[in-house]
Amino acid sequence: MVLMVGVLWDILVGRVQEARRSDRGASALEWAIIAAVSVVIASIIGAVIYNVVQSKGSSLTKCADQQPGQACK
């Protein structure tokens, strides 16, 4: 029983040391940060485009009732 615990402990210590040496975790974290920043930037751009379209759409609605040749207010 003690031998089995010792072997398992050695395996666990070896895996921890390997995880510290490899860059797999850092790479995944970097990709997660890049993805999060991309989502935020896309959301900001989408909000700006949405607001521009909404404002232009409301001005089109106001101008639709005008007679031809009259200035839109």
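Note that these values count all heavy atoms, side chains included, but never hydrogens, waters or copies made by symmetry. In this chain, numbering begins with 1 at the start of the sequence shown.
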When rounded to the nearest 0.5 angstrom, what is the spacing between [atom1] in [X] and [atom2] in [Y]?
{"X": "Arg15", "Y": "Leu12", "atom1": "CZ", "atom2": "CG", "value": "8.5 Å"}
{"X": "Tyr50", "Y": "Ser55", "atom1": "OH", "atom2": "OG", "value": "11.0 Å"}
{"X": "Leu29", "Y": "Ile34", "atom1": "CG", "atom2": "CD1", "value": "10.0 Å"}

Q: Identify whether Val52 and Leu60 are in the same connected component of the hydrophobic contact network (ILVMFWY, side-chain heavy atoms under 4.5 Å).
A: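 No: no chain of side-chain contacts under 4.5 Å links Val52 to Leu60.
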
Q | Val39 vs Ser43 side-chain heavy atoms within contact, under 4.5 Å | A |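 Yes, their side chains come closer than 4.5 Å.
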
